[in-house]
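All remarks here apply to the structure that follows.
Throughout, a chain's letter reflects where its sequence line sits, starting with A, and its residues are numbered from 1. When reading the values below, keep in mind they use all heavy atoms of this one structure, side chains included, and skip hydrogens, waters and symmetry mates.
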Protein chains: 2
Amino acid sequence: MSAQSSTDGDAAEAILARVRARGGAATIYDIAELAGVNPSTVSRALGKPGRISAGTAAKVRAAAERLDFRVNPMARALQTGKTRMLGLVLADITNPVVFGIVRGAEHAAAAAGYTLVIAESQESGENEAEAVERLLPSVDGLVLATTRLSASAITDLAQRKPVVLINRAVDGVDGVLPDVGAGVVELVEHLASSGHRAIAYLAGPDTSWINARRWSDILAAAEERRIAIVEIGPNHPTIAGGRDALRRVRAAHVSAVIAYNDLMAIGLMQEAAARGITVPDQLSVAGFDDIFGSELIVPPLTTVAADLVAAGGRAVRAAGRGRRLPAERGTSGTAAHDVARAWVDRPRPRRMTSAPGVSQAGTAP
Amino acid sequence: MSAQSSTDGDAAEAILARVRARGGAATIYDIAELAGVNPSTVSRALGKPGRISAGTAAKVRAAAERLDFRVNPMARALQTGKTRMLGLVLADITNPVVFGIVRGAEHAAAAAGYTLVIAESQESGENEAEAVERLLPSVDGLVLATTRLSASAITDLAQRKPVVLINRAVDGVDGVLPDVGAGVVELVEHLASSGHRAIAYLAGPDTSWINARRWSDILAAAEERRIAIVEIGPNHPTIAGGRDALRRVRAAHVSAVIAYNDLMAIGLMQEAAARGITVPDQLSVAGFDDIFGSELIVPPLTTVAADLVAAGGRAVRAAGRGRRLPAERGTSGTAAHDVARAWVDRPRPRRMTSAPGVSQAGTAP
DNA sequence: TTGTATGCGTTATCAC
DNA sequence: GTGATAACGCATACAA
């Protein structure tokens, strides 16, 4: 045993003490010193297994372990340009619809070694633009859930960093679109077979792409079955928004309502109950999203479900592997970029008792 | 007009083109070139207003604007040691209890110019430790909500970075403890005056600090009023956990149950309904947290509320301004650190119809 | 007030 | 296979 090896423990202690004294964490320089190699060798040993001899690799790993080393993500990011962070921008964190998205996104991010940073826009396009600008320099990619940004703003954004949309389709930008078309058809079918001849769609925000999509799906399904269909709105996509809409619903003389989302459906049901209107006997109510709580209220809410956890996960994985679209090389003119085909997620709608694709539909009076 | 100024636009264009060509963002070097000053002057002009002449400051700002400059957070962090990021670690994102915390935390973070990164531990201490280690190098501080970490692990952590706990008290570590003591007293009082003589507490996880606290509050309040009180558990803090507990609740021959949280209360009510036991006529059920949905279910759930949004906000602000406890300077021995006094948040419990401090308490049979 | 020089911790590009 | 050195973008002592 050489004098060298007999002092190894002390050497480690000395370095450790120095590290603590400067109040920070151990660096690859500390490891290099302890292992008796060059810092660049440490970086390689830790980063690219295989391109280094087994012996030194082991020495380096041991030293790193001994000093409780963890790489500094900022220093790495500065050099590589990759932060290993993904941004998730949501309209409203308290909206139960996004819970699934957040969970799916967080899991997928952690699994892929990414850190998830989130921001909320409060349903305001201005706030959202601000949040996006704030996040953008720190992340490798961005997931925008039910964004209120304009298509052109999104296109511009996608030129800078990989962007993945949830519940929104923009040409040339990746998107995850939970497909509720089949669920809508089955819901309308179910309402029709239950005797409903006049239905209202309680619209959400008119800036919402998914709102437009739901309306057009419902419109088509109703037309096909020769059922009367009217659109009422736009409304706030909240319980209060649903409450406020009851009067117009009653005035429309329909026997069933499909709301833009479960929150509005719940609000409508609450207000109906307050006015002595029984659901579903006097009014059938259905929503979208299958939020937490829809199975708890009485009567159980009819809702068309989409797998938001999967959507969040897919979006994050796409954002992580994504590269921004190549920018125009020319000196002037409009940028000509590849048009990536938006891909569509097709989860099976949740099947429950009464109607396939929808859960527990109410019956007609 | 000099040739210089007549070519300003072209100069900017040229620099912009170069920036685009290298596929990144503009740096202070680009600004310095365009404004005709030194990079360090740019840094100062943008960072410390006042310590620079008004003229050059304006020039620099104009150039920065022109080049659409945003500082690189990684480069800044590498130099300053501050990332302007805060970590929020949650046991379970899908648990409605944490929604308020997340929202409050996100708002406070954005308002203070911090970026919030979140991680989920899935109720597992191991996962949580892993998530913490993953986040730690990237953040200036950490907020741990209903953590499953041991007190010693938390103390160690607090030595490295500022740590703020929510729903957990550890000596020497800052914490936000929504005070539900008053609400508990009023709830028990209400149950007593409604005729209940025997109550059960449906316990949560035995590793939960807040669970122990709730139990001791309830125990004291019941003792004082000479009401029989029993603890049943531990149970999973979920709807399923509540469901599974019904049998033991019935076996205990109590007329009222206070569950560890609303989810368990809901599960208990669901199972009771399934077994033909009417709530609140045959069994009164109360919970904690006032989660989303508790006002939607029928009958309305009795619940003791705490202002979690405020708690999340306070925790983030504390973490942002916090400094880690000074480490021991000596060469050996136990570190002697300041013991920061944990401070307690005292929100007013939500007041609703029946009982002060609790919302819509059920009545005794 | 502004310019010069240096360092933050890592990866990448050369040599050897 | 390993070492030396530059570079990432910014902030900051120190000089001028």
First encountered from the 5' end of DNA chain C, between B:Gly50 and A:Gly47
B:Gly50
Hey, is the side chain of B:Ser53 poking within less than 4.0 Å of OP1 or OP2 on C:dT2, counting only N and O atoms?
yes
Rounded to the nearest Å, what distance is computed from the CG atom of residue A:Leu78 to the P atom of nucleotide C:dT10?
12 Å
Report, as yes or no, whether the 6.0 Å neighbourhood of atom CD on B:Glu133 holds more than 12 heavy atoms from other residues, nucleotides or ligands.
yes
Identify whether any heavy atom of B:Asn72 sits under 4.0 Å from a base atom; if not, whether one sits that close to sugar-phosphate; answer base, sugar-phosphate or nothing.
sugar-phosphate
A:Asn38 CG to C:dT13 P, in whole Å, measures 17 Å
Looking across every strand, which nucleic acid part, if any, lies under 4.0 Å from B:Ser43 by heavy atom: base, sugar-phosphate, or nothing?
base
Salt-bridge present (A:Asp30, A:Arg66; N to O < 4.0 Å)
no
Where does the chain B footprint on DNA chain D start and end, counting 5' to 3' with a 4.0 Å heavy-atom cut-off?
D:dG9 to D:dA13
Residues B:Glu33, B:Arg18: salt bridge by 4.0 Å N-O rule:
yes
Starting from the C-alpha separation in whole Å, work towards a yes-or-no answer on side-chain contact (heavy atoms from CB on, under 4.5 Å) for B:Ser138 and A:Met74.
CA-CA 7 Å; B:Ser138 306; A:Met74 307 302 148; 3.8 Å; yes
What is the distance, rounded to the nearest whole Å, between atom CD1 of B:Ile52 and atom P of C:dT1?
8 Å
Take the protein atom CD1 of A:Ile31 and the nucleotide atom P of C:dT10, then report the distance between them rounded to whole Å.
7 Å
I need the single residue from A:Val143, A:Val139, A:Asp140 that forms a side chain to side chain contact (heavy atoms under 4.5 Å, CB included) with A:Leu86. Which is it?
A:Asp140
Atom pair distance, as rounded to whole Å: CD1 in B:Ile28 and P in C:dA5
16 Å
Which nucleotide in the list C:dA12, C:dG9, C:dA5 gets nearest to the side chain of A:Ser40?
C:dA12
Assess the residue pair B:Leu165 and B:Val170 against the criterion (side-chain contact (heavy atoms from CB on, under 4.5 Å)); give the C-alpha distance rounded to whole Å, side-chain angles, the decisive distance to 0.1 Å, and a yes or no.
CA-CA 8 Å; B:Leu165 273 17; B:Val170 169; 3.8 Å; yes
Could you give the NZ-to-P distance, from A:Lys48 to C:dT11, as a whole number of Å?
8 Å
Side chain of B:Glu128, backbone of B:Ser121: donor and acceptor closer than 3.5 Å?
no
Figure out the CD/P separation between B:Glu33 and C:dG3, and round it to whole Å.
14 Å
Under 4.0 Å, counting only non-hydrogen atoms across every strand here, what does A:Val71 touch: a base, just sugar-phosphate, or nothing?
sugar-phosphate
If you assign B:Ala25 and A:Arg44 each to the DNA chain D nucleotide with the nearest heavy atom, which residue ends up on the more 5' nucleotide?
A:Arg44
Starting from C1' on C:dC8, measure out to NZ on B:Lys82 and report it in whole angstrom.
14 Å
